[in-house]
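Worksheet for the structure shown next.
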Amino acid sequence: MSIIELLRLALSRLRTSRLRAALTMLGVIIGVASVVALVGVGQGTTANITSRLNALGTNLLTISPTGKGASDGTLTLDDSEAIAKVDGVAAVAPEVSTSQTVTRGTTSTDTTVVGTTAAYASVRAFDVWQGTFLTTPAVDLGLRVAVLGATTADNLGITAQDLGAEIRVGGIPYQVIGILQPKGGSGFQDPDDQVVVPVGSVQKYFVGGDSVRTIGVSTTDGASQDTVTADITALLRNRHELAPSDDDDFNVFNQTQLLAAATSIAGTLALLLGGIASISLVVGGIGIMNIMLVSVRERTREIGIRKAVGARGRDILAQFLVEALTLSLLGGLIGIAVGLLVSAGIGRLAGWGFTLSPTTIGVAVLFSLIVGVVFGVWPARQAARLDPITALRYE
Amino acid sequence: MSAPIISLAHVSRIYEMGHVTVPALDDVSLDVHEGEFVAIVGPSGSGKSTMMNILGCLDRPTAGSYSLAGTAVESLGDDALARVRSRTIGFVFQSYNLLPRTTALDNVATPLLYQGIRGAERRRRATAALGRLGLADRLDHEPTELSGGQQQRVAVARAIVTEPALILADEPTGNLDSHAGAEVMALFRELNAAGRTIVLITHDAEVAAAAGRQIHLRDGRVAA
Ligand SMILES: Nc1ncnc2c1ncn2[C@@H]1O[C@H](COP(=O)(O)OP(=O)(O)OP(=O)(O)O)[C@@H](O)[C@H]1O
Ligand SMILES: [Mg+2]
C-alpha cells in the first residue's frame with residue numbers, strides 16, 4: 001500500500017470522528033505550542049538582554065565592593081580619583097545611589113537618586129537633551145543641582161521651560177539644571193528613571209560616610225579591558241593594603257563578562273521552559289496512545305475484516321501508525337502556528353520584536369513525529385497481531 | 001478429473017470452553033476439485049461455518065491437515081496466508097462483515113487495495129462488480145443505509161471483485177428473496193462455467209440442487 005492510500009484512509013477515518021480527533025490533537029497542540037512559544041520567549045529575552053547591555057556602552061567597567069566589608073563599602077572617592085590616572089582609562093565616575101521620593105509642587109514620584117560626578121554622562125553614555133549636565137565645580141562644591149532622567153522629568157511634569165525650577169529630593173531642595181536624552185528600553189529597570197546629583201550631596205544628606213556604591217570606568221578605545229582590569233585590581237589591592245593571601249574586597253566587572261553571564265542565565269531559562277513544555281508534549285503523546293488503543297479495541301472487527309480480505313499484518317500496522325502520525329503531525333503544525341502567534345504577541349508586548357527560528361520549527365515538527373511514532377507503534381502493533389477469526393468474532 | 005484444489009484430511013476443530021469441549025468438526029475428510037460447484041448442507045450448528053472458516057484460511061484446524069491447491073496450509077506463515085486470502089479466495093460471510101461507515105464502493109474495493117491496485121482501477125472494477133449484483137445505484141451507500149439483502153449482495157460483490165479461483169460463500173442467499181437469490185445463483189453458475197471453483201453453504205434445497213455436488217454435515221461429520 002502506498003503512503004498516499006494510507007494517508008487517504010487515515011484522513012477519511014479522522015473525518016468520521018472529528019471531535020475525537022480534535023480532542024486528541026489538542027494535547028499535542030498545547031505541547032508543541034508551549035515549546036515553540038517558550039523557546040521564542042527565551043530567545044527574545046536573550047537578544048533583548050544582549051542589545052541592552054551593548055547600549056550601556058561596550059567599553060564600560062564596573063567596580064563594586066565585595067566580601068565582608070561590602071555593605072559598609074570599601075570603595076571611596078579617593079579610589080575613584082586614583083583609578084582615573086591608570087593607563088587606558090578614559091573617564092571615571094563614582095556612584096552612590098539611594099531611593100527617594102522626589103516632589104515638585106504637589107506632584108511626586110519615587111525614583112533612584114544617583115550621586116556622581118561630571119564624568120557620569122560619558123561613562124554611562126547619557127546625552128543631555130536640555131540644559132547642562134553636572135559640572136566639575138558644581139560637584140566639587142556639592143551644590144544642590146539635579147539633572148533628571150527623561151522618565152522622571154515626565155513624571156514630575158517638567159519640560160524644557162521648567163529648567164531652573166526647584167524640586168525636593170527626600171525633602172531637600174534642589175535646582176533642576178538639565179534633562180537627559182531618553183535611552184529607551186522597558187521592563188525591570190528603566191534607565192531613564194533617575195535623578196543625577198553631585199556625589200557629595202548624596203553622601204551628606206542621604207547615605208552618610210564617604211564610601212561609594214560603585215565606580216564606573218570607561219576605557220579608551222583600543223585599550224585592552226583585561227589589562228585595564230588587571231591594573232585597576234593591582235592599584236586597589238595596594239590602596240586597600242591587602243596582603244597577598246587576602247581576597248579582593250571589590251570586583252571589577254567588564255561588559256563581556258556581564259554579557260556572558262546574562263546570556264547563560266537566559267539560555268538556562270529557555271532550556272528550563274522548554275523542558276517544562278516538553279512534559280506537556282509527552283502528556284499529549286500519551287493522549288494519542290490512549291485514543292489509538294481504544295480505537296484498536298473498537299475496530300477489532302474492522303481489522304478482522306481487512307485481514308480476511310487480504311490485508312497483511314504490516315498493512316494494518318501501517319494503517320494505524322499513519323493514523324497516529326497524522327494526528328500528531330497535524331497537531332504539531334497547528335501547535336507551531338499557535339506557538340508562533342503567542343511568542344509574536346509576547347515579543348510585541350515586551351517590545352523585543354519577534355524572530356522566526358527555523359530550528360525551533362524543525363525541532364517541533366521532529367518532536368511531534370517522534371511523539372506519533374513512539375505512542376502510535378504500540379497500539380498499531382496490537383492491531384497488526386490480531387488473528388483474523390478472533391478479530392471477526394470480537395464483540 | 002482435475003487435481004483437487006481443496007483437500008481436507010481428518011480435519012477436526014475442537015472448541016475448548018473451560019472444561020467442556022465442543023467438537024464443531026470431527027474427523028472430516030473431503031476433496032473438492034478445480035472447477036467444481038459444491039453445496040454444503042446440514043442443520044444449524046452442524047459445523048458448516050466452522051469448516052468454511054478453515055477452508056478460507058481464517059481459522060486453523062486443531063487436528064488433521066488442509067491442503068489448498070497442493071500447498072499444506074499449516075506450513076504457511078501469516079503473510080503467506082494473507083496472500084492466499086488476497087489472491088486465491090473470495091469469501092462471503094454469513095454475517096456479511098462489511099466495513100462500517102464505509103460506502104459500498106469502498107467496501108468492494110478494499111480487497112483490491114490490498115492487492116496494490118491503483119485507485120481508478122479499483123473504482124472501475126468495484127463499480128462493475130456491484131453492477132453485476134444490481135447495486136449500481138447504491139455505490140455511495142454505507143452499510144447502515146442498505147437493506148439486509150443489499151448488504152448481502154455487497155458482500156458477494158466484494159468476494160468476486162478480485163476474480164478469485166475459489167469462492168467460499170456462507171449462505172449467500174440467506175437474506176434474499178427468491179428473485180434476487182436466483183440472480184446470485186445465476187452469477188455463481190456463470191463464474192463456475194468460467195472455471196472458478198465454488199463452495200457454498202445453504203439451507204435452501206433449491207439452491208443446493210443447483211450445485212454439482214452436495215456435502216451433508218451432521219454434528220461435525222460428513223454424512224454419507
Ligand atoms: N467460537 C466458538 N466457541 C465455541 N463454540 C463454537 C464457536 N463457534 C462455533 N461453535 C460451536 O460449533 C458448532 C458449529 O458451529 P457453526 O457456526 O459451524 O454452525 P453452522 O453449521 O454454521 O450453523 P448455522 O447454520 O446456524 O450457521 C456449534 O455447536 C457452535 O456452538
Ligand atoms: Mg453458519
Rounded distance (nearest 0.5 Å) linking atom CG of Leu58(B) with atom CG of Asp387(A): 9.0 Å

Just so I know, are the side chains of Asp79(B) and Arg314(A) near enough to count as touching, which here means a heavy-atom distance under 4.5 Å? yes

Using every non-hydrogen atom in the two residues, find where Ala82(B) and Ala311(A) come nearest and quote the distance to one decimal. CB-O, 3.7 Å

Just verifying a value: how many Å separate Cys57(B) SG and Ile389(A) CD1, rounded to the nearest 0.5 Å? 11.5 Å

Using non-hydrogen atoms and a 4.5 Å limit, figure out which bit of Arg306(A) sits close to chain B: side chain, backbone, both or neither. both

Please identify, among Arg87(B), Arg85(B), Arg83(B), the residue contributing the most non-hydrogen atom pairs under 4.5 Å to chain A. Arg85(B)

More than 12 heavy atoms of other residues, nucleotides or ligands under 6.0 Å from CZ of Arg20(A): is that the case? yes

Hey, does Arg122(B) have a side-chain heavy atom less than 4.5 Å from the side chain of Glu5(A)? yes

Distance (rounded to the nearest 0.5 Å) between Thr390(A) OG1 and Asp59(B) CG: 7.5 Å

Thr102(B) OG1 to Leu9(A) CG distance, which is reported to the nearest 0.5 Å: 8.5 Å

Is there a donor in the side chain of Arg312(A) and an acceptor in the side chain of Tyr114(B), or the other way round, less than 3.5 Å apart? no

Per-residue contact mode, Ile117(B) against chain A (heavy atom under 4.5 angstrom): backbone

Under 4.5 Å heavy-atom distance to chain B, tell me which part of Arg393(A) shows up: side chain, backbone, both or neither. side chain

Point-to-point distance, once rounded to the nearest 0.5 Å, from CG of Leu98(B) to CD1 of Ile305(A): 7.0 Å

Asp78(B) atom CG: more than 12 heavy-atom contacts under 6.0 Å: no

Heavy-atom pair of closest approach, residues Gly310(A) and Ser86(B): CA-CB, 3.6 Å

Take a 6.0 Å sphere around CZ of Arg125(B) and say whether it holds more than 12 heavy atoms from other residues, nucleotides or ligands. yes

Within 6.0 Å of CZ in Arg123(B), more than 12 heavy atoms from elsewhere: no

For Tyr96(B), does the OH atom have more than 12 heavy-atom neighbours from other residues, nucleotides or ligands under 6.0 Å away? yes

Could you look at Asn97(B) and say if it's the side chain, the backbone, both or neither that has a heavy atom under 4.5 Å from chain A? both

Report which part of Glu302(A) has an atom under 4.5 Å of a heavy atom belonging to chain B: side chain, backbone, both, or neither. both

